Amino acid sequence: MKEYIKELRKLVGHRPIIMNGASVIIFNNEQQVLMLQRSDNQCWCFPGGAMEPGETLYETAVREVYEETGLEIAELELFDIFSGQELYYKYPNGDEVYNVDTVFIARHYKGELRINNESRRAKFFHIEDIPDEISPPVVPVVEKFKQRAWAGRRL
């Protein structure tokens, strides 16, 4: 969470807020996807995060991927938009959110993979090897991703 959310939390405390953001499913040349193991709940997720005031969702996705992985991405494709009760999450610190997650796909990137303090590890996985320990608000994204992959739809 960046400055906007921190400032908002000073006003509302831990009460539920609607948090709009973007995440990105990044493919490597072996058709594996990049996932990060979060530092706060030890679960896996795709790179992404909260939108800052004045940003587009595209800009949010590009910024968050760079901050969390050191990778530069472009040519994003819309995968889907996720919201509702199943994207409710209570962070380990007690903050509650209802996420609105716009998920993109990136097939090309530049740079060396590195992580920041939000993650413990970064790893590329084949679709069938995606870990079971998925961060709760990312579960619907992973489920839909696997459904589309197994249905043979282009991802």
Side-chain angles (χ1 to χ4, degrees), residues 1-6 8-9 17-84 86-93 95 97-149 154-155:
M1 291 185 286
K2 303 296 176 222
E3 298 306 314
Y4 173 70
I5 299 297
K6 287 180 184 175
L8 187 58
R9 285 289 173 203
I17 61 171
I18 296 171
M19 188 162 65
N20 198 14
S23 57
V24 183
I25 300 170
I26 302 172
F27 284 90
N28 66 11
N29 291 334
E30 289 79 44
Q31 293 305 298
Q32 298 170 309
V33 295
L34 179 63
M35 298 196 80
L36 305 174
Q37 186 180 35
R38 296 176 58 99
S39 296
D40 61 355
N41 67 6
Q42 316 314 311
C43 293
W44 292 87
C45 65
F46 297 112
M51 177 184 268
E52 290 289 319
E55 276 187 322
T56 66
L57 287 165
Y58 187 96
E59 291 167 338
T60 300
V62 170
R63 175 183 53 78
E64 285 287 344
V65 166
Y66 184 75
E67 288 175 2
E68 294 181 0
T69 69
L71 301 178
E72 297 176 42
I73 57 171
E75 300 177 36
L76 299 179
E77 303 168 35
L78 178 63
F79 175 68
D80 212 331
I81 301 170
F82 297 83
S83 60
E86 63 184 356
L87 265 70
Y88 166 83
Y89 183 64
K90 186 173 186 176
Y91 284 92
N93 70 357
D95 288 352
V97 296
Y98 285 91
N99 290 293
V100 178
D101 189 10
T102 301
V103 182
F104 295 96
I105 291 176
R107 300 181 192 286
H108 307 285
Y109 59 87
K110 296 187 299 188
E112 290 294 317
L113 182 60
R114 60 164 173 68
I115 56 173
N116 65 12
N117 63 346
E118 294 179 35
S119 301
R120 296 182 65 205
R121 292 191 295 166
K123 184 176 178 183
F124 282 94
F125 293 96
H126 287 287
I127 294 169
E128 63 271 8
D129 297 327
I130 289 176
D132 293 332
E133 301 80 22
I134 300 297
S135 190
V138 181
V139 169
V141 179
V142 170
E143 287 174 353
K144 190 159 199 174
F145 176 73
K146 286 182 174 182
Q147 286 171 358
R148 286 193 184 174
R154 185 180 189 283
L155 293 174

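What you see below is based on every heavy atom in this structure, not just the backbone, and it leaves out hydrogens, waters and symmetry mates. These figures come from a predicted structure and were not determined experimentally.
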Should the ring pair F27 and F145 be called parallel, tilted or perpendicular, given that the plane angle runs from 0 to 90° and is split at 30 and 60?
tilted

If you measure from CD1 on I17 to OH on Y98, what distance do you get to the nearest 0.5 Å?
12.0 Å

I would like to know whether K144 and V103 meet side-chain contact (heavy atoms from CB on, under 4.5 Å); could you show each step before the answer?
CA-CA 11 Å; K144 190 159 199 174; V103 182; over 6 Å; no

Considering residues at least two apart in sequence or located in another chain, which fulfil the ring-ring contact (aromatic ring centres under 6.0 Å, His included) criterion with Y66?
none

Given the rule in the side-chain contact (heavy atoms from CB on, under 4.5 Å) test, do N20 and L57 qualify, once you have shown the distances and angles that lead to the verdict?
CA-CA 9 Å; N20 198 14; L57 287 165; 4.1 Å; yes

Please give me the minimum heavy-atom distance between C43 and S135, naming the atom from each residue.
CB-N, 3.3 Å

Value for CD1 (I130) from CD (Q32), rounded to nearest 0.5 Å, stands at 10.5 Å

What are the two closest heavy atoms between I73 and A61, and how far apart are they?
CD1-O, 4.1 Å

Atom CD of E64 and atom CG of N116: how far apart are they, to the nearest 0.5 Å?
8.5 Å

Could you give the distance from CH2 (W44) to CZ (R121), rounded to the nearest 0.5 Å?
4.0 Å

Backbone of G48 reached by a side-chain donor or acceptor of E68 within 3.5 Å:
yes

Check whether any side-chain heavy atom of D95 lies under 4.5 Å from a side-chain heavy atom of I5, and answer yes or no.
no

If you define the side chain from C-beta out and look only at heavy atoms, does anything of V141 sit under 4.5 Å from I134?
no

Any donor-acceptor pair under 3.5 Å from D101 side chain to S23 backbone:
yes

Determine whether F82 and V138 make a side-chain contact, defined as any pair of heavy atoms from C-beta on separated by less than 4.5 Å.
no

To the nearest 0.5 angstrom, please state how far the CD atom of Q42 sits from the CZ atom of R120.
4.5 Å

Within the 4.5 Å heavy-atom criterion, are F124 and L113 side-chain neighbours or not?
yes

For E75, I'd like to know if atom CD has over 12 heavy atoms of other residues, nucleotides or ligands within 6.0 Å.
no

Could you go through the side-chain contact (heavy atoms from CB on, under 4.5 Å) check for F46 and V142 one step at a time?
CA-CA 9 Å; F46 297 112; V142 170; 3.8 Å; yes

Which class fits the ring pair Y91 and Y89: parallel under 30°, tilted 30 to 60°, perpendicular over 60°?
perpendicular

For a quick check under 3.5 Å, do S39 and N117 share a side-chain donor-acceptor pair by atom type?
no

Between CD of E118 and OG1 of T69, what distance do you get to the nearest 0.5 Å?
11.0 Å

Under 4.5 Å between any side-chain heavy atoms of T60 and T102, yes or no?
no

Quick check: do E72 and Y109 have side-chain heavy atoms less than 4.5 Å from each other?
no

Over 12 foreign heavy atoms within 6.0 Å of CG, N29:
no

Within the structure provided, determine whether N41 and P136 are in side-chain contact (heavy-atom separation under 4.5 Å).
yes

Heavy atoms from other residues, nucleotides or ligands near CD of E112 exceed 12 (cutoff 6.0 Å)
no

Note: R38 and C45 closest approach over all heavy atoms is CG-SG, 3.6 Å

Does this structure show an ion pair linking R63 with E59, if we count only N-O contacts that are shorter than 4.0 Å?
no

Heavy-atom pair of closest approach, residues L71 and G111
CD2-O, 3.6 Å

So which atom in L87 and which in P137 form the shortest heavy-atom distance, rounded to 0.1 Å?
CG-O, 3.7 Å

